[in-house]
J.: 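Okay, handing you the structure first.
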Amino acid sequence: MAQKYWLMKSEPDVFSLEDLKKEFDSTTHWDGVRNYQARNFMRDEMKIGDLVLYYHSNCDEPGVVGIAEVVREGYPDHTAWESGSKYFDPKSAPENPRWIMVDIKWHKAFKRTVTLHEMKSTPELSDMRVVQRGQRLSVQPVEKKHFDKVVEMGLNS
DNA sequence: GCCAACGTTGGC
DNA sequence: GCCAACGTTGGC
């Protein structure tokens, strides 16, 4: 299967790309996703070696700040059955996990943020999911041509 | 903090 | 299985 490309959103106040870099081995498990479409992507389609555009949302300058890499494929999100967790879901159970996460590793920081505003005004990116109106999916597939374009923008000035 | 967009829930 | 109510996301 060919390498695939993704975009994952995180609020930098909660967990930024810099935070990911500081983790042990610059790796974290992407817990807390509670949306079925996003879960299905992680469960069924994300593979080791896939690359991820790391997107900061809900902040002064929303946009893509760098790249991460998938290092572990879908497995149960244990926070769903931890009753103290903010991600606790009584309908999930260890014997029948409802929610899935992957592990991602810091790969590269852009020289600069490729802002949402900028992506929206870039013709080559006009049909990219993240620039579509009302697009809230926190894990979404990205076409190679879009991935390459965003990376090019982020690594040049 | 507002609010539009969208997903989920639950009554019927 | 419809759909109104509600909760969340996330740009602005």
Side-chain angles (χ1 to χ4, degrees), chain A residues 4-23 28-46 50-70 74-104 106-143 145-147 149-155 157:
Chain A
K4 289 200 277 295
Y5 303 91
W6 305 92
L7 180 144
M8 293 168 91
K9 297 181 183 175
S10 184
E11 300 186 21
D13 291 346
V14 178
F15 197 80
S16 69
L17 182 64
E18 277 305 296
D19 293 331
L20 175 61
K21 190 177 183 181
K22 289 183 210 146
E23 289 288 301
T28 195
H29 47 261
W30 203 252
D31 61 14
V33 172
R34 295 293 179 267
N35 170 284
Y36 288 104
Q37 269 185 279
R39 177 206 65 183
N40 293 347
F41 286 133
M42 292 198 292
R43 184 189 60 193
D44 303 332
E45 298 198 44
M46 290 185 97
D50 285 0
L51 294 178
V52 177
L53 295 176
Y54 200 102
Y55 180 93
H56 282 173
S57 66
N58 246 323
C59 55
D60 287 346
E61 201 176 46
V64 178
V65 295
I67 305 170
E69 177 186 1
V70 177
Y75 63 106
D77 180 347
H78 56 81
T79 62
W81 56 70
E82 290 168 1
S83 61
S85 169
K86 64 182 277 201
Y87 300 125
F88 176 64
D89 179 355
K91 292 172 185 164
S92 188
E95 60 275 15
N96 183 24
R98 169 180 291 209
W99 302 112
I100 296 294
M101 61 187 178
V102 296
D103 286 359
I104 65 167
W106 185 91
H107 181 75
K108 187 177 285 187
F110 285 171
K111 288 188 195 164
R112 63 183 187 86
T113 301
V114 178
T115 64
L116 178 62
H117 177 79
E118 192 182 353
M119 290 192 281
K120 282 182 172 169
S121 60
T122 300
E124 295 97 313
L125 302 177
S126 62
D127 55 344
M128 191 174 171
R129 274 180 100 125
V130 74
V131 307
Q132 309 295 317
R133 184 160 180 265
Q135 179 53 68
R136 306 188 322 189
L137 254 194
S138 63
V139 177
Q140 51 185 265
V142 172
E143 292 175 41
K145 62 179 180 180
H146 294 151
F147 181 89
K149 181 64 184 173
V150 172
V151 170
E152 177 199 316
M153 291 162 76
L155 295 182
S157 42

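All of these numbers come straight from a predicted model, not from anything done at the bench. Naming convention: chains lettered A, B, ... in sequence-line order (proteins, then strands); numbering from 1 in each chain. Basis for what follows: all heavy atoms, side chains included, without hydrogens, waters or symmetry-related copies.
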J.: Looking at dT9(C), dG11(C), dT8(B), which one has an atom nearest to any side-chain atom of S57(A)?
T.: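 Taking heavy atoms from C-beta onward, the closest nucleotide is dG11(C).
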J.: Judged by each residue's nearest nucleotide on DNA chain B, which is more toward the 5′ side, Q135(A) or R98(A)?
T.: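 First, find each residue's nearest nucleotide; the 5'-ward one identifies Q135(A).
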J.: Whole angstroms only, please: what is the CG-P distance between N40(A) and dG7(B)?
T.: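 The answer, rounded to whole Å, is 13 Å.
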J.: I want to confirm an ordering. Mapping Q37(A) and N58(A) to their closest nucleotides on DNA chain B, which one lands closer to the 5' end?
T.: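 Result: N58(A).
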J.: So, are K149(A) and E152(A) salt-bridged, with charged N and O less than 4.0 Å apart?
T.: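 Salt bridge between K149(A) and E152(A), a charged N being under 4.0 Å from a carboxylate O: yes.
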J.: So if I take every side-chain heavy atom of K120(A) and compare against dT9(C), dC12(C), dG10(B), which nucleotide ends up nearest?
T.: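 Nucleotide nearest to K120(A)'s side chain: dC12(C).
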J.: With sugar-phosphate meaning primed atoms plus P, OP1 and OP2, does E11(A) contact a base, only sugar-phosphate, or nothing at under 4.0 Å between heavy atoms?
T.: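 No contact.
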J.: Got a second to check how far M8(A)'s CE is from L53(A)'s CG, nearest 0.5 Å?
T.: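 It is 11.0 Å, given to the nearest 0.5 Å.
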J.: Any donor-acceptor pair under 3.5 Å between the side chain of R136(A) and the base of dT8(C)?
T.: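 Under the 3.5 Å cut-off, the side chain and the base do form a donor-acceptor pair.
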J.: Rounded off to whole Å, could you give me the CH2-to-C1' distance for the W99(A) and dG7(B) pair?
T.: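 In whole Å, dG7(B) C1' and W99(A) CH2 are 10 Å from each other.
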J.: What I want to check is whether the side chains of H78(A) and D31(A) have a donor and an acceptor closer together than 3.5 Å.
T.: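 Checked: H78(A)/D31(A) side chains show no N/O donor-acceptor pair below 3.5 Å.
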J.: Which nucleotide, dT8(B), dG10(B), dT8(C), lies nearest any side-chain atom of Y36(A)?
T.: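 Within the option list, the nearest is dT8(B).
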J.: Which class fits the ring pair Y5(A) and F147(A): parallel under 30°, tilted 30 to 60°, perpendicular over 60°?
T.: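 Tilted, since the angle between the ring planes falls between 30° and 60°.
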J.: Round to a whole Å and report the spacing from CD of Q140(A) to C1' of dT9(C).
T.: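 In whole Å, dT9(C) C1' and Q140(A) CD are 13 Å from each other.
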J.: OH of Y55(A) versus P of dG10(C): gap in Å, rounded?
T.: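 Spelled out: OH on Y55(A) to P on dG10(C) is 8 Å.
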J.: Checking contacts here: which listed nucleotide (dG7(C), dC12(C), dG10(B)) is nearest the side-chain heavy atoms of L116(A)?
T.: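 Comparing dG7(C), dC12(C), dG10(B) against the side chain of L116(A), the answer is dC12(C).
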J.: Rounded off to whole Å, could you give me the OH-to-P distance for the Y87(A) and dT9(C) pair?
T.: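 So the two atoms are 9 Å apart, to the nearest Å.
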J.: Starting from P on dT9(B), measure out to CG on N35(A) and report it in whole angstrom.
T.: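 In whole Å, dT9(B) P and N35(A) CG are 11 Å from each other.
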J.: Can you check the L137(A) CG to dT8(C) P distance for me, whole Å?
T.: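 After rounding, the reported distance stands at 17 Å.
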J.: Please tell me if K9(A) has a side-chain N or O lying less than 4.0 Å from either OP1 or OP2 of dT9(C).
T.: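 Indeed not, no polar side-chain atom of K9(A) lies that close.
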J.: For a quick check under 3.5 Å, do Y36(A) and R98(A) share a side-chain donor-acceptor pair by atom type?
T.: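 R98(A) and Y36(A) do have a side-chain donor-acceptor pair below 3.5 Å.
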J.: To the nearest Å, give me how far apart CE (M8(A)) and P (dG10(C)) are.
T.: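 Roughly 13 Å, once rounded to whole Å.
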